[in-house]
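Since the structure comes first, as structure tokens, the remarks are kept for the end.
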Amino acid sequence: MNLVHVRQRPAPAGIAGLSEAVVDLSAVRDNVSTFRRLASQDVMAVVKADAFGHGAVPVARAALEAGATWLGVARADEALQLRAAGLTAPLLTWLYDAAELMLLGDMDVDVSVSTVAELQQVASVPAVKYVHLKLDTGLHRAGSTPDQWIELTRAAAHHEALGALVVRGIWSHLSHGDDPDAVQNRKQLQLFRTGVVLARRAGLTPSTIHLANSAGAITLDAPDCDVIRIGAGLYGIDETGIGLRPAMRLMSKAIQVRRIGVGEGVSYGHDFTADRETTVLLVPVGYADGIPRVAVKQASVLCRGVRMPIVGRIAMDQFVVDAGDLAVDPGEPVTIFGDGSQGEPTAQDWAEWAGTIPHEIYCGIGTRVPRRYEEATR
């Protein structure tokens with residue numbers, strides 16, 4: 001039997017607890033500034049899903065400080081969280097239950113409407129003031145179908161004339177925003193423009209017209225839309241190569257260091273067996289914390305300036321790294337992903353290893369991983 005020597009010691013002061021997601025709010029501000037410089041429209045900062053896992057309230061504040069004029073969320077509870085934190089900027093939510101409308105109205109939250117039935121629900125709640133009518137231009141998720149649009153806009157104009165609500169916005173969503181050559185984008189823009197004209201003919205005077213997401217804000221020439229919705233780009237997911245800065249760095253540490261011999265297996269099933277004597281590090285994050293289990297065959301991390309492969313199966317709470325013959329002490333910081341400037345993997349790398357998108361990597365970082373906020377300087 002091979003005996004192994006396991007070393008443990010308290011963690012260094014550089015990382016709070018076992019692991020942490022460090023969010024650079026200056027990167028969020030820089031990303032908002034980049035979109036404001038490249039596009040003429042106002043910015044709606046989309047902070048749904050707890051700002052893609054970055055923390056909705058701190059990110060929303062940073063985005064507003066950088067010049068965003070709107071906030072957008074998917075769900076009612078997300079909107080109410082922002083209002084409870086004291087954020088008063090115009091705020092749109094698009095997924096809600098009828099039972100939540102009173103609270104949304106009381107907190108001055110705009111709601112999206114896609115059907116006449118939804119419109120009637122909203123109009124029956126006096127507290128709700130502003131709505132955004134959504135036209136389905138081709139994504140086929142939510143929104144009024146084109147053949148029902150005239151009926152919806154006429155009904156909205158009727159309720160507006162009665163003083164039940166105000167149609168503040170008209171919006172839609174691109175299906176191919178990251179492809180500047182997609183014919184579908186031009187088709188959607190044409191249909192959207194027609195929908196706006198028809199809404200105005202019905203007597204509506206919306207002040208907020210929005211179609212483009214982060215990628216579409218760069219690829220789509222639509223100066224008649226006065227707001228762009230920045231979600232992915234807010235966090236540095238750079239689908240169009242405009243120089244955005246990733247805002248999150250995921251850090252952990254080696255909590256155990258041990259030598260294993262030739263033929264020794266690592267983790268469940270011994271999918272990895274050492275072909276040489278080597279040093280392995282135990283890192284205390286796993287798939288319960290958002291580390292994708294399917295990425296293991298390609299995944300690596302950065303420790304002591306060296307990229308080290310993850311070996312063996314990623315477990316619920318931990319994974320193992322092969323450090324070779326490099327001397328590593330317990331407590332040594334491990335960078336799981338960052339902006340890549342120090343040679344570490346990026347969220348995009350992890351997305352490719354897992355066969356997904358960086359959005360899912362960020363959103364998957366669980367609540368056991370505390371967020372720490374910083375203002376980094378470049």
Side-chain angles (χ1 to χ4, degrees), residues 21-49 51-56 58-72 173-174 176-182 185 210-223 225-251 302 307 335-354 356-363 365 371-378:
V22 184
V23 179
D24 179 4
L25 294 176
S26 70
V28 172
R29 292 189 184 90
D30 283 353
N31 294 335
V32 171
S33 297
T34 295
F35 280 102
R36 292 187 67 209
R37 184 177 70 252
L38 296 177
S40 60
Q41 295 97 328
D42 287 343
V43 170
M44 176 185 291
V46 178
V47 291
K48 63 181 181 177
F52 287 38
H54 290 65
V59 168
R61 285 188 176 130
L64 293 170
E65 289 165 1
T69 55
W70 274 87
L71 297 173
H173 201 300
L174 294 170
H176 294 69
D178 58 348
D179 183 357
D181 299 318
N185 289 341
H210 49 113
L211 170 64
N213 55 5
S214 296
I218 303 304
T219 62
L220 192 69
D221 183 17
C225 297
D226 46 33
V227 172
I228 52 177
R229 299 187 306 273
I230 306 305
L234 194 62
Y235 313 102
I237 300 172
D238 197 351
E239 298 168 301
T240 53
I242 58 174
L244 302 174
R245 293 176 55 201
M248 182 186 287
R249 183 171 76 254
L250 182 59
M251 301 293 299
L302 188 76
R307 287 282 282 269
T335 304
I336 299 168
F337 63 73
D339 64 8
S341 61
Q342 305 301 312
E344 75 275 23
T346 63
Q348 178 64 46
D349 291 329
W350 275 93
E352 291 173 3
W353 297 333
T356 185
I357 55 176
H359 314 49
E360 186 175 352
I361 300 299
Y362 288 131
C363 290
I365 304 304
R371 273 58 170 175
R372 176 166 64 85
Y373 298 92
E374 67 178 19
E375 298 282 351
T377 57
R378 299 190 71 181

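Note: hydrogens, waters and symmetry copies are ignored here, and every other heavy atom, side chains too, is used.
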(message) Can you list everything that forms a side chain to side chain donor-acceptor pair (under 3.5 Å) with D238? Sequence neighbours excluded, please.
(response) none

(request) Output all residues satisfying side chain to side chain donor-acceptor pair (under 3.5 Å) with Q348, sequence neighbours left out; order by chain, then residue number. (result) E352

Is there a donor-acceptor pair under 3.5 Å between the side chain of [X] and the backbone N or O of [Y]?
| X | Y | value |
| --- | --- | --- |
| D349 | T346 | yes |
| H359 | I357 | no |
| T219 | D178 | no |

(request) For the residue pair Y362 and F337, categorise the inter-ring angle as parallel (less than 30°), tilted (30 to 60°) or perpendicular (more than 60°). (result) perpendicular

(message) Is a donor from one side chain sitting under 3.5 angstrom from an acceptor on the other, for T34 and N31?
(response) no

(message) Run the ring-ring contact (aromatic ring centres under 6.0 Å, His included) test against H210 and tell me which residues pass, sequence neighbours left out.
(response) H132, W171

(request) Return the set of residues passing ring-ring contact (aromatic ring centres under 6.0 Å, His included) with F35 (not counting sequence neighbours), or none when no residue passes. (result) none

(message) Is the shortest side-chain heavy-atom distance between R245 and D24 below 4.5 Å?
(response) yes

(message) Measuring only between side-chain heavy atoms, which start at C-beta, is R249 closer than 4.5 Å to E374?
(response) yes

(request) Using the test side-chain contact (heavy atoms from CB on, under 4.5 Å), find all partners of A45 that sit at least two apart in sequence or belong to another chain. (result) A63, A68, L71, L234

(message) Test of understanding: with salt bridge (Lys or Arg N to Asp or Glu O under 4.0 Å), list the residues that count as partners of R29, not counting sequence neighbours.
(response) E65, E375

